[in-house]
Amino acid sequence: MQINTISIDNSVSPAKIEFSEQFNVAVPFIDRHLEEGRGDKVVIKVHGGGDVTYATLAEHVNRAGNALLNLGVKPGDRVLMMVKDAPDFYYVYWGAIKAGILPVPLNTLLRAKDYAYMIENSEAAGVIYSPEFSEEVEPSLETATHKPPTVLKTEGPGKTFAMHMAAADTTLEPARVSPEDDAFWLYSSGSTGNPKGVVHAHKDMVITSQRYAVETLGMTEKDINFSAAKLFFAYGLGNAMTFPLWVGGSAILFAGPPSPADMHEIIETHRPTIYYGVPTLYAAQLKTMGNTNVDLSSIRIFISAGEALPPDLLRRWIAKTGAEILDGIGTTEILHIFLSNRPGEVKPGASGRTVPGYDAKIVDDDGNEVPDGETGSLMIKGESLLKLYWRNPEKTAESLHDGWMYTGDTYYRDEDGFLFCCGRSDDMLKVGGIWCSPVEIEAKLVEHPKVLEAAVVGRADDDELIKPEAFVVLNDAGDESDALKKELLEHCKAGLARYKYPRWFNFLDDLPKTATGKIQRFRLRSD
Ligand code: 3UK
């Protein structure tokens, strides 16, 4: 019997992908490259030093998997990762998967309160974190009512996961699992309530890599991938890890925040062939390029996702660089991009057409498909959809219908089959490509002693990119001042993830509400 293998039949379109009954995804993504003679090939280029070959990767993945098992973590257990973009991320993630343990990469920009919730909600057996994030991770471990038995920093002074890896065996039998078994989780935010654990199966990374990276982008082992979006996002996870590992290519990793200057330096130094950004960053890069010449000639494909790429920004980018950007939409639940523009076939303002293997339909409130040109709710069918939301059967039932998933986005389709995004069907915002819940920012504002009530909506900035705007009702109307706006700004910056603070503040006498007292955010939007 074949185990841990995939067969791809290219004679049909889309290609037919079949998995062996026993299938651990770490085998084709990690071990296969040694069999295919890539042992000495560099898979990870770390900006600032330290290349990793496929052979070193495979050895460290085995060590990491064994280290987790030696520490008492069991197959099926969850290990939360607050790990920066570095080879450690690959080791912990794939070591866990190979051992049948579920890695859960978390957004490293979050705060202690967010982590405490995820530790409790996942009942994690382990937490592995980069020392850079101690300030938020350590207090979360103190306050969480669930205490993960294994807590280790990746590196640094004291006991580290690296020490456990060094002491562990270099060979590891892949856990016997099936293509449909749980492989890893990601957390996704919602407009109300807490983040939800999105459970993905072993087969899902094969699907996204084959459907998007190979069949849509034509990625090969020659490609050098550089993602401004970090590995902990589903977007970055595909760009900078699963896609290169699928095709036998390589990725450049950079642990710092994605400033335009650093992006340009890395591009010129390491000469990537595929670059993945978000609209906010492309806008910032354009501003920086106004004064300098940047050599982007190594890049054959520029990609944008996370939020819609404004047509004017795309036009300005093409005018300046001569290169197009491929906008595509993905979600954590579908794991990667399922609608995309193609090289040479870009429509400004569109998310593109369906990626092979995915079907899209746009439906009205009764679930009936609407004619082309009419807006409705975007639903997607495909092979990489989440299995379920962890311990949230209501949300699972609400989102999944006969293999179709509600994305929560409003779209229309034109006569050429291009799909255009018209915004969210809920109040959620994407700020710099990252989820931002108005409810969370409102709750933070209301914590301030002078604030009675608050409402937060999205407002387009000069680049047509959405940022949070706050409408605040004060306890004492007489307190309205610019000094108080500044105080509220500092209050938000101190208590929320960095990207979530409101960029504009307004004072109102009262908020627009429904008869049942629900805030009508749409009445505050300026569009
Ligand atoms: C919005 C877009 C318009 C949209 C993601 C690439 O962003 C990703 O996943 P998330 O779960 O957010 C999903 C939501 O973000 N969105 C993303 N891309 C676009 N809206 N145009 C776009 N190009 O509201 C969607 O529902 O954070 C992006 C790959 C994998 C991903 N998970």
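Ligands are counted one by one from 1 in listed order, and the atoms in each one are counted from 1 as well. A quick note: this is a predicted structure, and the numbers were derived from the prediction, not measured.
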Visitor: May I ask you to identify, for Trp435, whether its side chain, its backbone, both or neither come under 4.0 Å of ligand 1 on a heavy-atom basis?
Guide: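 The answer is the side chain.
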Visitor: Would you give the length of the straight line joining atom CG of Leu386 to atom CG of Asp204, rounded to the nearest 0.5 angstrom?
Guide: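 One finds 8.5 Å between CG of Leu386 and CG of Asp204.
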Visitor: Arg424 versus ligand 1: do any nitrogen or oxygen atoms come within less than 3.5 Å of each other?
Guide: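 Checking ligand 1 against Arg424, an N or O pair does fall under 3.5 Å apart.
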Visitor: Can you pull out the closest protein heavy atom to atom 1 (C) of ligand 1? Residue, atom name and distance to 0.1 Å, please.
Guide: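 For atom 1 (C) of ligand 1, the nearest protein heavy atom is Gly306 O, 3.5 Å.
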Visitor: Should you measure from each heavy atom of Cys421, which atoms of ligand 1 turn up under 4.0 Å away?
Guide: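 This gives 3 (C) as the contact atoms.
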Visitor: Measure the spacing between OG of Ser437 and NZ of Lys500 and express it to the nearest 0.5 Å.
Guide: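 One finds 8.0 Å between OG of Ser437 and NZ of Lys500.
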Visitor: In terms of side-chain heavy atoms, does His264 have a donor or acceptor partner in Gln285 at a distance below 3.5 Å?
Guide: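 Their side chains do contain a donor-acceptor pair, which is all the 3.5 Å distance test asks for.
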Visitor: Of all the heavy atoms in Leu335, does at least one lie under 4.0 Å from an atom in ligand 1?
Guide: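 Checking ligand 1 against Leu335, which is what was asked, there is a heavy-atom contact under 4.0 Å.
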Visitor: Between Glu307 and Lys430, does at least one N-O distance fall below 4.0 Å, as a salt bridge requires?
Guide: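 Salt bridge flag = no for Lys430 with Glu307.
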Visitor: Does the ring center of Phe19 lie less than 6.0 Å from the ring center of Phe23?
Guide: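 Phe19 vs Phe23: aromatic centres under 6.0 Å.
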Visitor: Check each atom of ligand 1 against the heavy atoms of Thr407 and keep those under 4.0 Å away; list them by number with element.
Guide: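 Taking each heavy atom of Thr407 in turn, ligand 1 has 26 (O) under 4.0 Å.
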Visitor: Considering only protein heavy atoms, which is closest to atom 6 (C) of ligand 1, and at what distance to one decimal place?
Guide: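 Residue, atom and distance for the closest contact: Tyr235 CD1, 3.5 Å.
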Visitor: Run the numbers for me: atoms of ligand 1, each under 4.0 Å from some heavy atom of Asp327, listed by number.
Guide: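 Result: 22 (C), 23 (N).
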Visitor: Does Lys361 make a cation-pi contact with Trp404, if we ask for NZ or CZ under 6.0 Å from the ring centre and within 45° of the axis?
Guide: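 Cation-pi check for Lys361 and Trp404: passes.
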Visitor: By number and element, which atoms of ligand 1 are closer than 4.0 Å to a non-hydrogen atom of Ile329?
Guide: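 Within the 4.0 Å cut-off of Ile329, ligand 1 contributes 2 (C), 4 (C), 16 (N), 17 (C), 18 (N), 19 (C), 22 (C), 23 (N), 25 (C).
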Visitor: Of the protein's non-hydrogen atoms, which lies at the shortest distance from atom 13 (C) of ligand 1, and what is that distance?
Guide: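 Going by distance alone, atom 13 (C) of ligand 1 is nearest to Gly330 O, 3.4 Å.
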Visitor: Only one of Ile519, Val456, Leu524 forms a side-chain contact (heavy atoms from CB on, under 4.5 Å) with Phe471, so which one is it?
Guide: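 The option that passes is Leu524.
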Visitor: Considering only protein heavy atoms, which is closest to atom 3 (C) of ligand 1, and at what distance to one decimal place?
Guide: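 Heavy-atom neighbour on the protein nearest atom 3 (C) of ligand 1: Ala308 N, 3.3 Å.
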Visitor: Would you check the N or O atoms of Lys430, main chain and side chain alike, for any that come under 3.5 Å of an N or O of ligand 1?
Guide: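 Between Lys430 and ligand 1, an N or O pair is found under 3.5 Å apart.
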Visitor: Identify all side-chain donor-acceptor contacts of residues 367-381 below 3.5 Å with residues at least two apart in sequence or on another chain.
Guide:
none

Visitor: Do ligand 1 and Gly328 have nitrogen or oxygen atoms that lie under 3.5 Å from each other?
Guide: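 By distance alone, the answer is yes.
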Visitor: Do Asn121 and Tyr187 meet the criterion of a side-chain donor-acceptor pair at a distance under 3.5 Å?
Guide: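 Indeed, the side chains of Asn121 and Tyr187 share at least one donor-acceptor pair under 3.5 Å.
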Visitor: For atom 32 (N) of ligand 1, what is the nearest protein heavy atom, given as residue, atom name and distance?
Guide: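 Answer, as residue, atom name and distance: Thr331 C, 3.0 Å.
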Visitor: Verify the distance criterion only: is there a donor paired with an acceptor across the side chains of Ser250 and Glu221 at less than 3.5 Å?
Guide: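 Absent: no donor and acceptor within the cut-off.
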Visitor: Looking at Ile337, which atoms of ligand 1 are within less than 4.0 Å of one of its heavy atoms?
Guide: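 That gives atoms 6 (C), 29 (C) of ligand 1.
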Visitor: First locate atom CZ of Arg498, then atom CZ of Arg111, and finally report the distance between them rounded to the nearest 0.5 Å.
Guide: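 If we round to the nearest 0.5 Å, Arg498:CZ and Arg111:CZ are 8.0 Å apart.
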Visitor: Show which atoms of ligand 1 fall inside a sub-4.0 Å distance from at least one heavy-atom site of His336.
Guide: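 In order of number, 29 (C), 30 (C).
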Visitor: Of the protein's non-hydrogen atoms, which lies at the shortest distance from atom 4 (C) of ligand 1, and what is that distance?
Guide: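 For this ligand atom, the closest protein heavy atom is Asp409 OD1, 3.1 Å.
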Visitor: Distance to 0.1 Å, residue and atom name: give those for the protein heavy atom nearest to atom 10 (P) of ligand 1.
Guide: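 Checking every protein heavy atom, the shortest distance to atom 10 (P) of ligand 1 gives Thr332 OG1, 3.5 Å.
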